[in-house]
Each structure stands twice: as C-alpha cells, then as structure tokens.
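Letters go in sequence order (proteins before strands), and every chain restarts at 1.
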Amino acid sequence: MAQILIVDDSSTVRGEVSDFLRKNGLTVETAVDGKDGLAKLQRDPQIKLIVSDINMPNMDGLTMAEKVRGELRNTTVNIVMLTTENSLMMKERGKAAGIKGWIVKPFKGDAVLETFRKLAGG
Amino acid sequence: MTNVVSERARSGLDHFLAQATKNALVATGESCPVTPIDDASATEREVVMFTVSSYTFRILLFIHFESNAATRAHFGRLADKSVDEMAGERFLDAMMERGNLLCGALNRELALFFPHIGMSTPCILHRSAVEHIGAVTPAFTRRYRAQVSADLALRLTIAVCAFADLDFPFDHRAVDETKAASELEIF
C-alpha cells in the first residue's frame, strides 16, 4: 500500500521523485503513463496523492485526472501536476478536473516536501 | 510562396534557446555559453528530437550527443549519479528528460505569444535522420554550440517550418520566467 503515486513516462523523473520521498519516510508507487496510473490507483485505493506529468504516451496526465474523478469516481485523492507545461488553458482544464496543485519542472523536493506530506496524509 | 521568419523572431528564438539550454543542461548557477555556428556537419551519433507546434509553425529541436564518458559524466553530475550508473537506457532517459526541460522552457516562452501551442514527447534518433531536415522545407534553420562544461560542448539545431509568416515581439522575458519553475502552485 502506498501513500503517493508518481506518474511519469521518464524513469529518471520517477526515480528522482520517488527516491526523495522514500528517503523522507513516505511510501511510493510509480506508473509509466496515465493508463498505468489509473490501473495502479484502482489496485491501491489507499493512495492519497498522485504526482503526475502531463505529456505522456498512451494517456496524458490531464486525461488521467479527469478519469480519476469521472470513471473511477475518486473525489478524495489529491492530484498535483509535475510538468514542463504552464499554460492557463491547461491549468483551467486541470482545475475543472479537481487537481490540487501545479509544479513546473524541475522537481525540487525540499520546496514541496511538507506540502506533499500533508496532501498524502502523512 | 516561402513564408518568412522575421529577424526579431529569429532573435527571440536565439535568446529563448540560450536561456532554456542554460536552465536545463547545466546545474543552477553555472554558465553555459550558447553561440550560433555555421558548421552543418554533425559528427555526434545520436539526437534527441522534440517538436513545438502551433497552427502557423512547427519547430524541430535537435540535441546532438554521443554516448561517451564525458557526456555521461556531465549528465550523471546533474542527476547525482556516477558515470558508471549513467549508462544504457538510464543515460538515454536522462538525456530525454533534460531535453524535455529545455523544450518545455522554449514551449512556455512561445506560449506567451501563441496560446494554441504544444510540444512533443522526446524521441531518440540516429544522426542520419537530421540529414533529412530539408524534406520538411524549413523557412529557417540555425545551429548552436552549447558549452555545458569545460569538457563538453553540445550541438543544438532548430528548424522552423512556417505555415504563415512568423513574427513575435520578443522582449527578454525568459529571464523572469525561470523564477516560476519548481514552485508548487496550490489551487
């Protein structure tokens, strides 16, 4: 069972973010794209926070967020986007899908750790 | 009819690319001179390719690289990994992610002028693919040398396919934009 799900098609990002969070006592699962993210969330509904990239093959992060709220009817998991995108249009789409926050890459763990802890209920 | 990429748009692309390269391919605070070059002969074996597209243009961005010790050591330092750890698929993924940061920065700058814009995911290609740039008839092509460390210079190429004349009022915004990166914006 994991508190946080990291969704990114880059193994570099998955490794960097999950290593940092695990070093700081959080439990982490990873997924390679939005489709994998949905499957992992369905298998482990205890996940409290999803940190997701947007531009990924098979299913992008915003579509995944919409399906988390829609098809999976999960209205409680917190979703934060970790992405190179910063457009107003994408943020509005994310907000409509009920995402909690937005980080423009690169990931700097120290700046977000305490907020991630709160969002992950840890 | 050939569409035109204006001089100020070219200057803007030069500036955005230099800033994006500095923010993505070297550690914070390190210098990374990026200079246009005329040499079209690329000896590096591979490229990471991205595209940034809007309704009126498509930019192809290539980062040329070799999977050699100097390159792996540099990207290993950025990822806090040793040169031995930075090998094979791990190295290629690290190249793609650093390129993703670079292209993302370029995409964000252009989005200020072109709201309907998007970027691709990265693609690793053999250098021979770049020889076919002419097939997409770019209106503008420029090559750059980025000195990412004392031991390593990387070559970058951009090719702009313009479906209409391309112009935008470039005004050095790239410096301010970097301050927003890495902060968590809560909704």
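- Both the backbone and the side chain of B:Ala94 come within contact range of chain A, each with at least one heavy atom under 4.5 Å from a heavy atom of that chain.
- Around CG of A:Leu88, the count of heavy atoms belonging to other residues, nucleotides or ligands within 6.0 Å does not exceed 12.
- Here the NZ atom belonging to A:Lys105 is positioned 4.0 Å from the CD atom belonging to B:Glu97, to the nearest 0.5 angstrom.
- Surrounding CZ of B:Arg58 are at most 12 heavy atoms belonging to other residues, nucleotides or ligands under 6.0 Å away.
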Legend entry - Step-by-step side chain to side chain contact (heavy atoms under 4.5 Å, CB included) determination, B:His116 to A:Met89: CA-CA 9 Å; B:His116 300 284; A:Met89 246 183 327; 3.7 Å; yes
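- Clustering ILVMFWY residues whenever any of their side-chain heavy atoms sit less than 4.5 angstrom apart, transitively, puts B:Leu61 in the very cluster that holds B:Val48.
- B:Leu13 and B:Val4 are assigned to two separate hydrophobic clusters, defined by single-linkage of ILVMFWY side chains at heavy-atom distances under 4.5 Å.
- Within 6.0 Å of the NZ atom in A:Lys40, the count of heavy atoms belonging to other residues, nucleotides or ligands exceeds 12.
- More than 12 heavy atoms of other residues, nucleotides or ligands shown are found within 6.0 angstrom of CG on B:Asp39.
- Neither B:Phe57 nor B:Val136 shares a network with the other; the hydrophobic side chains, linked directly or stepwise wherever heavy atoms of I, L, V, M, F, W or Y lie under 4.5 Å apart, form separate groups for each.
- Only the side chain of A:Asp19 comes within contact range of chain B, with at least one heavy atom under 4.5 Å from a heavy atom of that chain.
- Of the atoms belonging to B:Arg90, it is backbone heavy atoms, and not side-chain ones, that fall under 4.5 Å from chain A.
- One distance of note links NZ of B:Lys81 with OG1 of A:Thr12; it measures 9.0 Å at 0.5 Å rounding.
- Using a 4.5 Å cut-off between heavy atoms, A:Met90 makes no contact with chain B at all.
- In terms of hydrophobic clustering, with Ile, Leu, Val, Met, Phe, Trp and Tyr side chains grouped at heavy-atom distances under 4.5 Å, B:Phe65 and B:Ile133 are assigned to different clusters.
- Heavy-atom distances place both the backbone and the side chain of A:Ile99 under 4.5 Å from chain B.
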Inset, instruction - Test salt bridge (Lys or Arg N to Asp or Glu O under 4.0 Å) on A:Glu85 and B:Arg108 and set out the steps. - result: CA-CA 7 Å; A:Glu85 301 281 358; B:Arg108 289 194 300 275; over 6 Å; no
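- The minimum heavy-atom distance between A:Ser10 and B:Asp93, with the atom names listed, is OG-OD2, 2.8 Å.
- Atoms CG and OG1, from A:Asp33 and B:Thr121 in turn, are 11.5 Å apart once rounded to the nearest 0.5 Å.
- At most 12 heavy atoms of other shown residues, nucleotides or ligands fall within 6.0 angstrom of atom CZ in B:Arg45.
- Using a 4.5 Å cut-off between side-chain heavy atoms of Ile, Leu, Val, Met, Phe, Trp and Tyr, with links allowed through other members, A:Val32 and A:Met59 fall into different hydrophobic clusters.
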Legend entry - Candidate pair A:Thr84 and B:Met119, rule side chain to side chain contact (heavy atoms under 4.5 Å, CB included), full reasoning: CA-CA 10 Å; A:Thr84 59; B:Met119 62 177 266; 3.7 Å; yes
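- When all heavy atoms of A:Pro106 and B:Ser182 are compared, the pair lying nearest together is O-OG, 2.6 Å.
- Summarising the geometry, atom CG belonging to B:Leu184 is positioned 6.0 Å from atom CZ belonging to A:Phe116; distances are rounded to the nearest 0.5 Å.
- Classification of A:Lys91 and B:Glu185 as a salt-bridged pair holds, one side-chain N sitting under 4.0 Å from a carboxylate O.
- Only the side chain of B:Asn107 comes within contact range of chain A, with at least one heavy atom under 4.5 Å from a heavy atom of that chain.
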